[in-house]
Amino acid sequence: MRLSNLPLNTFKEKPAEAEISSHQLMLRAGLIRPLASGLFTWMPMGLKVLRKVEKIVRMAMNEAGAFEILMPAIQPAELWQESERWGLYGPLLLKMRDRNDREFCFGPTHEEVMTDIARRELKSYKQLPVTYYQIQTKFRDEIRPRFGVMRAREFLMKDAYSFHLDQESLQETYDLMAHTYQKIFDSLGLQSKSVDADSGEIGGNKSREFHILANSGEDKIAYTDEDDFAINVELAPVSPQKQKESKEIHNLEKISTPEIKSIEEICEKLKISPKDTLKTLVVEGEDESLIALVLRGDHVLNRHKAEKINGISKPLSLASEEKIENAFELKPGSLGPLGLNARIIADHSAICCKNFVCGANETGFHYKGVNWEIDLPKPEAADLRDINEDDKSPDGNKIKIARGIEVGHIFQLGEKYSTAMNANVLNQAGKEQNLLMGCYGIGISRIVAAAIEQNYDEKGICWPNAIAPFELVLISINAKKSKEVISVTNKLYSDLTNSGIEVLYDDREVRPGVKFADAELLGVPHQVLIGDRTLSKGIAEYRKRGEKDFQEYKLGDIRSHISQILEMNRNVSPR
Ligand code: ATP
Ligand code: MG
């Protein structure tokens with residue numbers, strides 16, 4: 001593509017509306033343009049990337065034996081009423097009426113339409129197992145669309161659905177899809193991790209999430225390098241962490257701490273570690289009561305786990321300062337489990353603490369040397385906290401924590417939809433049997449943003465080769481002054497293009513600095529430079545995106561050098 005033909009608008013400044021790097025860079029590089037909240041136009045350069053992701057996903061799905069279909073984006077309300085999700089899906093579902101006043105929605109997902117196809121098309125066990133997929137636009141009226149195409153309202157998803165007669169067959173396809181997903185992320189050139197996950201709203205039993213690792217990820221993942229343990233921190237069960245054995249039991253002591261408001265401050269004052277303190281968080285109960293959750297000072301409350309405890313309100317809600325003051329007549333900073341008149345639930349690791357420091361339930365005072373069963377009874381115990389890097393996996397290996405962006409999710413739905421919608425086939429005995437179902441999603445458009453989050457520097461995007469909009473950018477310098485530059489670059493452009501290389505030819509009449517900045521911002525993996533000065537010495541220059549200096553090559557050698565490098569890069573597997 002000749003860049004002079006493309007009305008490309010790039011800009012240097014960070015767009016004010018974009019919080020994370022991928023959103024900023026996609027706007028700055030002109031890959032997407034916003035239309036309204038959560039709605040984006042894919043501009044030519046962005047669409048090239050999106051299509052490449054789509055192609056890799058499509059190839060892998062075909063290879064796994066899935067059949068591509070295309071379902072309508074608009075779906076009749078009746079199907080959603082049958083599955084009872086018309087009301088349950090909530091405000092995420094964009095509803096509309098046609099001219100005959102019939103209700104429809106814009107599909108946020110396609111289990112209903114797919115199950116409807118299955119109950120019409122599948123008659124016998126002999127047709128099973130079968131997997132269908134589509135690559136299609138979804139709409140979800142997200143409460144907080146943000147981060148550009150990462151959490152948009154309209155987005156592109158690959159969704160697949162499989163049908164089975166028995167669990168064994170469902171498990172087999174589920175495993176095949178997990179394997180296929182891993183292959184897809186490897187082919188994309190992205191570092192990913194798959195984790196056990198909650199099945200969320202779709203329901204069903206088993207589910208697995210696929211994450212692209214990046215510092216800005218919304219999810220936290222716990223994993224080890226040594227074993228298979230990999231799980232969303234939200235869900236990771238934690239075994240108690242014992243404090244180092246201290247032989248002597250200290251005496252309980254009340255200390256004055258008038259200025260102390262936080263764990264850090266009390267640790268600073270007493271020269272102790274947060275591990276030696278307990279903090280007390282007050283949450284709302286299902287009735288009007290308040291419930292105290294006690295954790296070690298260095299641990300983080302896991303909302304997900306707390307919500308699962310009977311009596312605690314769902315969603316979890318921390319009690320306001322005012323409520324705490326009214327109920328206990330003290331400031332929240334002085335709360336503690338000793339003498340608190342409330343239901344107390346302590347995390348397992350908090351129960352293992354000895355000689356700890358905690359609030360004295362009197363404003364401006366703490367206790368030190370507190371011990372369970374000596375100074376206060378052991379309370380109810382539960383797993384309440386996030387796993388962390390001091391914990392061990394069930395096999396005893398060191399936990400690592402990384403941030404991830406969820407880009408794929410696979411579920412075993414079982415009979416949920418086939419029961420609700422009466423989808424069955426005749427089994428070997430000639431009897432009607434409910435279909436088992438699996439569903440498998442990948443966020444195609446989210447992958448583009450996630451790929452950037454994993455691959456950028458201060459100058460712009462650093463695309464992995466597999467999904468770069470172009471393999472190479474060819475830059476001419478001072479072409480206006482030198483006819484030779486024009487003819488050599490034109491010739492090189494057509495030679496490279498003819499040999500099947502995707503070349504972006506920056507033939508614009510702009511300053512060299514603008515061309516370099518745009519090449520870096522757009523993140524094309526390889527750059528070739530033809531300038532009037534070096535050309536007079538018969539030299540062309542090359543550098544990889546991210547490298548500081550260009551290397552000089554004889555003009556006659558540059559083509560073979562590029563072919564060699566690109567060939568090598570096409571064959572490398574991801575980091
Ligand atoms: P999230 O927890 O991020 O909202 P989800 O669990 O709702 O995701 P699924 O219903 O499993 O997502 O959808 C499959 C895939 O579609 C997700 O893994 C993600 O990659 C993508 N996806 C979901 N919601 C959005 C969105 N609002 N914008 C872009 N992609 C999305
Ligand atoms: Mg969602």
Side-chain angles (χ1 to χ4, degrees), residues 20 22-23 26 32 34-40 42 46 50 53-54 56-57 61 73 85 88-94 106-112 114 133-161 174 177-178 180-182 184-185 188 190 192-204 206-214 216-221 232-235 304 403-413 416-417 437-454:
I20 59 168
S22 59
H23 189 192
M26 289 183 85
I32 52 167
L35 175 65
S37 170
L39 302 179
F40 295 90
W42 287 84
L50 188 75
V53 174
E54 201 180 306
I56 288 171
V57 172
M61 291 304 291
R85 287 210 294 181
L88 271 183
Y89 213 87
L92 273 181
L93 197 62
L94 179 67
F106 196 113
T109 175
H110 277 70
E111 282 78 14
E112 282 79 0
M114 190 70 248
Y133 78 96
Q134 65 172 348
I135 294 178
Q136 208 226 28
T137 300
K138 307 279 189 236
F139 189 95
R140 294 184 184 177
D141 205 352
E142 297 277 356
I143 186 164
R144 217 148 75 88
R146 58 191 179 140
F147 306 154
V149 296
M150 189 83 89
R151 184 170 297 286
R153 293 199 296 168
E154 189 181 295
F155 58 96
L156 195 62
M157 196 204 283
K158 184 286 297 172
D159 45 329
Y161 307 87
Y174 181 84
M177 283 300 137
T180 302
Y181 275 29
Q182 199 53 59
I184 288 171
F185 299 119
L188 291 167
L190 298 172
S192 66
K193 199 111 213 146
S194 78
V195 299
D196 287 330
D198 193 350
S199 55
E201 282 160 30
I202 294 189
K206 238 178 177 178
S207 98
R208 211 163 172 77
E209 281 172 5
F210 292 77
H211 290 260
I212 285 176
L213 303 182
S216 62
E218 283 184 322
D219 289 272
K220 262 165 125 187
I221 293 164
N232 204 314
V233 164
E234 266 189 1
L235 303 173
H304 207 76
R403 286 206 163 264
I405 299 166
E406 185 207 311
V407 285
H409 204 163
I410 62 175
F411 297 84
Q412 293 192 9
L413 296 169
K416 181 178 155 93
Y417 293 91
M437 185 173 175
C439 80
Y440 318 92
I442 285 190
I444 304 275
S445 41
R446 183 179 285 182
I447 284 177
V448 177
I452 298 175
E453 286 300 328
Q454 197 176 82

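Hydrogens, waters and symmetry mates play no part in the numbers below; they use all other heavy atoms, side chains included. Start at 1 and go down the list; that is how both ligands and their atoms are numbered. Start at 1 with the first residue, then count along the sequence.
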**Request:** Kindly determine whether M150 and E218 satisfy side chain to side chain contact (heavy atoms under 4.5 Å, CB included), including the steps that lead there.
**Result:** CA-CA 11 Å; M150 189 83 89; E218 283 184 322; over 6 Å; no

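The nearest non-hydrogen atom to atom 31 (C) of ligand 1, considering only F155, F139, Y440, F147, comes from F155. When the heavy atoms of H409, M157, R140, K158 are ranked by distance to atom 10 (O) of ligand 1, first place goes to R140. Comparing E406, R144, E218 by heavy-atom distance to atom 2 (O) of ligand 1, the nearest is E406. Between the choices R146, R151, E154, K138, the shortest heavy-atom distance to atom 1 (P) of ligand 1 belongs to R151.
At a cut-off of 3.5 Å, with distance as the only test, no side-chain donor of H211 or S192 sits close to an acceptor on the other residue. For the residue pair Q134/D159, the side-chain donor-acceptor check at 3.5 Å is satisfied.
Residue A152 has at least one N or O atom closer than 3.5 Å to an N or O atom of ligand 1. Distances between N or O atoms of G443 and those of ligand 1 include at least one value under 3.5 Å. The shortest N/O to N/O separation between V407 and ligand 1 falls below 3.5 Å.
Assignment of S445 to the shell around ligand 1 is not supported, since no heavy atom sits closer than 4.0 Å. At least one heavy atom of M150 lies less than 4.0 angstrom from ligand 1. Not a single heavy atom of T109 sits less than 4.0 Å from an atom of ligand 1. Within the 4.0 Å heavy-atom cutoff, V149 counts among the residues contacting ligand 1.
Every atom of ligand 1 with a heavy atom of G408 under 4.0 Å away is listed here by number and element: 18 (O).
Salt-bridge annotation for R403 and D219: absent, with no side-chain N of the basic residue lying under 4.0 Å from a carboxylate O of the acidic one. Between R151 and E142 there is a salt bridge, with a side-chain nitrogen of the basic residue lying less than 4.0 Å from a carboxylate oxygen of the acidic one. A salt bridge between E111 and K416 is absent, with no side-chain N of the basic residue lying under 4.0 Å from a carboxylate O of the acidic one.
Note: Y174 and Y440 have tilted aromatic rings, judged against thresholds of 30 and 60 degrees for the angle between ring planes.
For E142, every heavy-atom contact with ligand 1 shorter than 4.0 Å involves the side chain, none the backbone.
Across I447, V407, I410, a single residue satisfies side-chain contact (heavy atoms from CB on, under 4.5 Å) together with I442, and that is I447.
Nearest heavy atom pair, residue S22 against residue A449, reads CB-O, 3.3 Å.
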